[in-house]
Protein chains: 2
Amino acid sequence: MLFLALAAAQAEPLPSWRDSESRTQIISFVAAVTDPGSPDFVPPPERIAVFDNDGTLWSEQPFYFQLAFAIDRVRALADDHPEWATTQPFKAALEGDLEALVASGKQGLLELLMASHAGMTTEAFAAIVRDWAASARHPRFDRPYTELVYQPMLELLEYLRANGFQTWIVSGGGIEFMRPWALDVYGVPPEQVIGSSIKTRFELRDGKPVLVRLPEMNFIDDKEGKPVAINQHIGRRPIAAFGNSDGDLQMLQWTTAGEGRRLGVIIRHTDAEREWAYDRESHIGRLDKALDAAARHGWVVVDMKQDWERVYGFESAE
Amino acid sequence: MLFLALAAAQAEPLPSWRDSESRTQIISFVAAVTDPGSPDFVPPPERIAVFDNDGTLWSEQPFYFQLAFAIDRVRALADDHPEWATTQPFKAALEGDLEALVASGKQGLLELLMASHAGMTTEAFAAIVRDWAASARHPRFDRPYTELVYQPMLELLEYLRANGFQTWIVSGGGIEFMRPWALDVYGVPPEQVIGSSIKTRFELRDGKPVLVRLPEMNFIDDKEGKPVAINQHIGRRPIAAFGNSDGDLQMLQWTTAGEGRRLGVIIRHTDAEREWAYDRESHIGRLDKALDAAARHGWVVVDMKQDWERVYGFESAE
């Protein structure tokens, strides 16, 4: 009986995925590259899968969660910055005026980012992120942001690791913003998290070495930057890539252009009820060019509404 | 009998190390952090050891091996560049005039680096490095450069991995120069190699994505850069660091300043006969400030002449 139960468990991975074409294609890929008798066999050290984060592993609406973090930080620091009450983009952040915030443009968002993300040591910043992740709540679901991760993707991460894959995050989000919780939430250790970054500087403070976060961009891990970062951090080409937007197009191209069997997957946001529905016209997570490319390259397009039995882990408890 | 042999093998790690204080300190550290009953116990995912490369894992005399590679590349490309016969630093490289090469200064060396390391795709460069590593020979030993790795350090890498450590390389040398052979020679996979780098650019060539190496520095992984790179790539503080020169000082400071038991090790070049002897006055691999710091911080200083039964693996065969 136990044996049968175990066999059944092994035979049915990805329980939150409905019996769909996309699920079948993913499982068939994994079977092919892990079967030593298959012409598509890939040795474990080369089984590298890369995942975008925002919109692929967790939600990104009504706006990127890291922007919510930046706004919360500006509010927390406002007492020390009375000038923010009358200066954009800080005024907009303090008033929760998203429209004005967006109107402040790239430069405004960059200022907000630097004011909220720089000036402290790396250790102090990690503690700030951990506190925020434990206390902040998403406006629509009134839950910690880290609960807005997709249950089917958590199962996919587990399933791939159980099949000898390394699962890497390759996100436009901040590398130091993700690392403090990525292990607990995704099972992904810090050294397998890649993201955008600001510069840091080594200093001795009272003889104690620290890394200080500087208000200067180091690397933007988006679009053409993703293959560059993959090469820099991993040094080998992934065999599977998962994304959801045009920011992931080059990562998918880079991954699936390699020799041998490859898997490209796009998560499509089609479920306005359980999550959000958006694609070609969205300002956040726009999926346009990458959707056209998916058809040309034979990438799997996951339809969240159709293919997922549930979206979030907490749904089952309600 | 088999059991006893196995037990003996386990009881005597690091066979090329003489029974010395430095060997004892390394083994005692590993025993302490791997014993679940020890107050110094560290769980396996946090057992991160970082190694400098030049002068720590392989030799760096009469000059850095990557410079030998750059000179060989310039010679290989000289037919396409007749102007190099009369332009420095290329003339010096073609004539093997090291003095003139050094006299060309930092700018000259940078030009040599860019001419030899940039302009091709990452895949083409990896193939060039592999060919060079297989064919070039060290002037003193008339052997491939990759045979000038220290046998005691190979044993140390193995020993640490057998004890659940991740062994990372953190080198001033080029990240893409080391990766093509680091797995075969050191057992270190590409994703655990950190080094200096030039920028790369993502391009589609005839619809095929490539990464092109650009003649522009991206990051110099030396001195203060080493803790910065460790944070960027690994995202957690190592518990053990191995270096040999002032370029490793900050990496050793950063590593050993962490909480709990830590190990800092400096390999000191004391053996003019089997290898080279140099320290405070050397232009290559200068060991001065870091040697003073070792005494202050209680870092282990390995005396190559005294502590190592043999230096290179090929010695035993002779």
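Chain letters run A, B, ... following the sequence lines, proteins first and then strands; every chain starts at 1.
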Inset, instruction - Between chain A and each of B:K199, B:Q166, B:R201, count heavy-atom pairs under 4.5 Å; write down the option with the most. - result: B:Q166

Inset, instruction - Starting at CZ of A:F202, measure out to CG of B:N231 and round the result to the nearest 0.5 Å. - result: 12.0 Å

Inset, instruction - Answer yes or no: are there more than 12 heavy-atom neighbours, outside B:Q25 itself, under 6.0 Å from its atom CD? - result: yes

Inset, instruction - Heavy atoms only, distances under 4.5 angstrom: which of A:E224, A:R236, A:Q253 has the most pairs with chain B? Name it, please. - result: A:R236

Inset, instruction - Please look at A:L204 and chain B and tell me whether the side chain, the backbone, both or neither of the residue comes under 4.5 angstrom of a heavy atom of that chain. - result: side chain

Legend entry - Proximity breakdown for A:E176 and chain B, heavy-atom pairs closer than 4.5 Å: side chain

Inset, instruction - Scan side-chain atoms only and decide if A:Q192 and B:E191 contain a donor-acceptor pair under the 3.5 Å cut-off. - result: no

Legend entry - Non-hydrogen side-chain atoms of A:Q232 and B:T200 separated by less than 4.5 Å: no

Legend entry - From B:E123 atom CD to A:R237 atom CZ, the distance as rounded to the nearest 0.5 Å: 5.0 Å

Inset, instruction - Would you name the heavy atoms of B:H233 and A:H233 that are closest together and state the gap between them? - result: ND1-ND1, 4.0 Å

Legend entry - More than 12 heavy atoms from other groups under 6.0 Å of CD on B:E158: no

Legend entry - Among A:I48, A:V210, A:L211, A:V228, residue most engaged with chain B (heavy-atom pairs, under 4.5 Å): A:L211

Inset, instruction - Check each atom of A:S197 against the heavy atoms of chain B and say whether the ones under 4.5 Å are side chain, backbone, both or neither. - result: side chain

Inset, instruction - Over all heavy atoms of both residues, which pair between B:G235 and A:P190 is shortest? Give the atoms and the distance, please. - result: O-CB, 3.8 Å

Inset, instruction - Report the option among B:I234, B:V193, B:T122, B:I194 that has the most heavy-atom pairs separated by less than 4.5 Å from atoms of chain A. - result: B:I234

